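What follows is a single structure, written as structure tokens, with notes after it.
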Number of protein chains: 2
Amino acid sequence: MPPTHPLNQEVSLSVIKTACSNCNLRELCLPLGLSLEELERLDDLVSTRRRVKRGDHLYRAGEGFDSIYAIRSGFFKTDVLLEDGRDQVTGFQMAGELLGLDGISTEHHTCNAIALEDSEVCAIPFSRLEVLSREIHTLQHHFHKVMSREIVRDHGVMMLLGTMRAEERLAAFLLNLSQRFTSRGFSHAEFYLRMTREEIGSYLGLKLETVSRAFSKFQEEGHIAVQQKHIRILNVSGLKALMNHQR
Amino acid sequence: MPPTHPLNQEVSLSVIKTACSNCNLRELCLPLGLSLEELERLDDLVSTRRRVKRGDHLYRAGEGFDSIYAIRSGFFKTDVLLEDGRDQVTGFQMAGELLGLDGISTEHHTCNAIALEDSEVCAIPFSRLEVLSREIHTLQHHFHKVMSREIVRDHGVMMLLGTMRAEERLAAFLLNLSQRFTSRGFSHAEFYLRMTREEIGSYLGLKLETVSRAFSKFQEEGHIAVQQKHIRILNVSGLKALMNHQR
DNA sequence: TTCTGTGGTTGACATGGATCAAGCCAACGC
DNA sequence: GCGTTGGCTTGATCCATGTCAACCACAGAA
């Protein structure tokens with residue numbers, strides 16, 4: 001229960017007020033391409049914020065679905081659990097990306113979404129999004145594009161899991177992270193991993209030892225500098241070349 | 001160029017007339033849940049049929065996107081090509097399923113769709129589908145569900161590629177095919193594979209020899225009977241058990 | 001400071017599936 | 001008929017990655 005101190009209330013109101021129209025992620029996120037007036041209509045919809053502490057679930061597989069979530073800050077993973085106890089990380093999501101699209105299909109979430117650092121998301125009630133996207137064509141079209149992009153991304157992961165060897169997978173993973181950090185205005189060459197080696201391995205279909213060895217190898221070869229979770233990419237084209245070392 | 005013989009024209013017109021409202025796939029396909037009147041409006045949109053001969057492309061990666069396709073009859077595969085020449089089958093599609101959703105994201109197709117037997121598809125101009133789905137809420141919602149289902153399916157494949165061993169993958173694949181044939185009113189226990197061992201292997205991230213060996217093993221163990229592309233499933237629960245033989 | 005737990009690294013060894021190679025089978029053209 | 005071709009099967013061998021195990025590094029608690 002948050003304090004109702006007048007100052008706090010004012011702050012929280014002003015935060016709500018700045019929803020999408022003032023969010024510096026709007027070019028990466030759902031509002032892409034909307035006019036100012038349209039943005040304000042979207043603001044009405046995206047009024048609920050939710051903080052998720054590191055390690056907490058945003059939602060769990062099996063829970064009823066009613067909202068998708070836009071990540072305002074922080075970092076998430078999604079994972080799927082098989083009946084026999086095996087699980088796999090299906091993705092890592094960062095600011096500006098959407099979570100929960102998998103739940104539309106059955107009205108239930110089909111994976112877990114877990115914060116890898118303290119995070120904040122905007123909840124977007126899905127039925128209201130459908131109503132609004134009937135009225136704002138740009139929003140409708142962009143939402144379709146976002147869903148489609150997710151399908152294309154998944155095909156890329158399938159490709160990676162189906163045809164690449166361990167080092168190629170890790171190189172592809174690092175280049176992908178780097179590219180996503182870049183488009184958020186961060187350094188493309190230096191970043192902190194929010195996930196463990198085990199989580200990377202799960203995502204890439206590898207064991208954590210294999211991931212660790214590949215990191216070491218990349219470092220020996222001068223492609224990257226690794227210190228725990230701190231990564232510096234020294235040689236982008238070297239990594240790209242590694243990705244094509246076909247078997 | 002089709003002949004313009006009056007009789008032919010009449011036939012083709014009557015075929016067009018029967019579009020969605022009379023199609024026996026409508027409960028599996030886009031029209032699911034629409035009223036009769038809504039169905040007729042969808043018919044207007046889905047007026048173009050296209051025959052695709054075995055081995056021909058329905059579309060190619062890189063081509064401009066303007067329509068999605070509903071499979072009326074036949075069988076397709078989609079595959080993705082990497083710059084370095086590697087490729088992977090990303091899915092097999094059968095009657096009632098949609099093709100082309102990947103193209104929405106960039107307005108270009110990102111994979112190839114190839115008929116594995118002589119097939120027929122209904123082309124659905126995407127921008128007109130967006131217009132209509134603004135007016136028919138059921139259509140809008142169902143389309144979203146279909147896209148979401150594709151994402152969930154892809155997660156399943158990622159799971160398969162990331163955590164399962166060869167025999168588990170093939171067992172999962174056969175059970176999935178069986179289930180899809182069943183929901184189309186065909187035998188769940190007996191069917192013809194439309195794809196080669198190599199294509200199955202590509203989809204499952206295995207070499208064709210491994211696929212072949214797994215088929216032989218399943219046969220020895222009495223789970224299935226294989227004769228070339230003809231498969232009979234003798235022991236469903238045996239196959240299901242195989243899927244959980246964790247490593 | 002030490003203790004404890006979590007995550008990471010590295011080595012030695014095992015193994016599942018890839019690779020290479022030979023041969024089989026069914027369909028098709030001549 | 002016979003030869004050819006594409007797809008499939010099977011065997012022998014190899015190797016990338018998994019497995020098991022020891023140890024290290026750092027963070028937080030006592």
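When reading the values below, keep in mind they use all heavy atoms of this one structure, side chains included, and skip hydrogens, waters and symmetry mates. Note that the coordinates shown come from a computational prediction; the quantities given were computed from them, not determined experimentally. A note on names: the letters A, B, ... follow the listed sequences, proteins ahead of strands, and every chain is numbered from 1.
The distance from the CG atom of L58(B) to the CZ atom of R51(B) is 14.0 Å, given to the nearest 0.5 Å. To the nearest 0.5 angstrom, D56(B) atom CG is 9.0 Å from R50(B) atom CZ. The CZ atom of F65(A) sits 7.5 Å away from atom OG of S148(B), with the distance rounded to the nearest 0.5 Å. Between the CG atom of L170(B) and the CZ atom of F215(B) there is a distance of 4.5 Å, given to the nearest 0.5 Å. Between atom CD1 of residue I233(A) and atom CD of residue E190(A) there is a gap of 10.5 Å, rounded to the nearest 0.5 Å. Atom OG1 of T90(B) and atom NE2 of H155(A) lie 4.5 Å apart (nearest 0.5 Å).
Each of Q228(B) and E167(B) was assigned the nucleotide of DNA chain C with the nearest heavy atom; the assignment lying further toward the 5' end belongs to E167(B). Between Q227(A) and A166(A), the residue anchored closer to the 5' end of DNA chain D is A166(A), taking for each the nucleotide with the nearest heavy atom.
Rounding to whole angstrom units, NZ of residue K207(A) and C1' of dT15(C) are separated by 14 Å. The distance from atom OH of Y192(B) to atom C1' of dC8(D) is 16 Å, rounded to the nearest whole Å. Regarding E198(B), its CD atom lies at a distance of 12 Å from the P atom of dT19(C), rounded to whole Å. What separates CD of Q219(B) from P of dT9(D) is a distance of 9 Å, to the nearest Å. When the P atom of dG17(C) is taken as reference, atom CZ of R169(B) falls 7 Å away, rounded to whole Å. Distance, H230(B) NE2 to dA26(C) C1': 16 Å, rounded to whole Å. In this structure, F215(A) places its CZ atom 13 Å from P of dT10(C), rounding to the nearest Å. For the pair L193(B) CG and dG7(D) C1', the computed distance is 13 Å after rounding to whole Å.
The residue L208(A) sits close to a base: some heavy atom pair falls under 4.0 Å. Using a 4.0 Å heavy-atom criterion, one finds that K217(A) contacts no nucleic acid atom at all.
For F92(A) and Y203(A), the ring centers sit closer than 6.0 Å to each other.
Regarding contacts with the backbone of dT10(C), a side-chain N or O of S216(A) is found under 4.0 angstrom from either OP1 or OP2. When the side-chain nitrogen and oxygen atoms of S212(B) are compared with OP1 and OP2 of dT9(D), one or more of them lie within a distance under 4.0 Å. Side-chain N/O atoms of K229(B) include none lying less than 4.0 angstrom from OP1 or OP2 on dG7(D).
Residue-to-nucleotide contacts include no donor-acceptor pair under 3.5 Å from the side chain of R197(B) to the base of dT10(D). The base of dC8(D) has none of its N or O atoms less than 3.5 Å from a complementary donor or acceptor on the side chain of E209(B). Evaluation of atom-type donor-acceptor distances gives a pair under 3.5 Å for the side chain of R213(A) against the base of dT19(D).
Annotation for K229(B): atom NZ counts as buried by contact number, over 12 foreign heavy atoms lying within 6.0 Å.
Stem regions annotated for DNA chain C: C:1-30 with D:1-30, counting only runs of 3 or more consecutive pairs of Watson-Crick or G-U type with both contacts under 3.5 Å.
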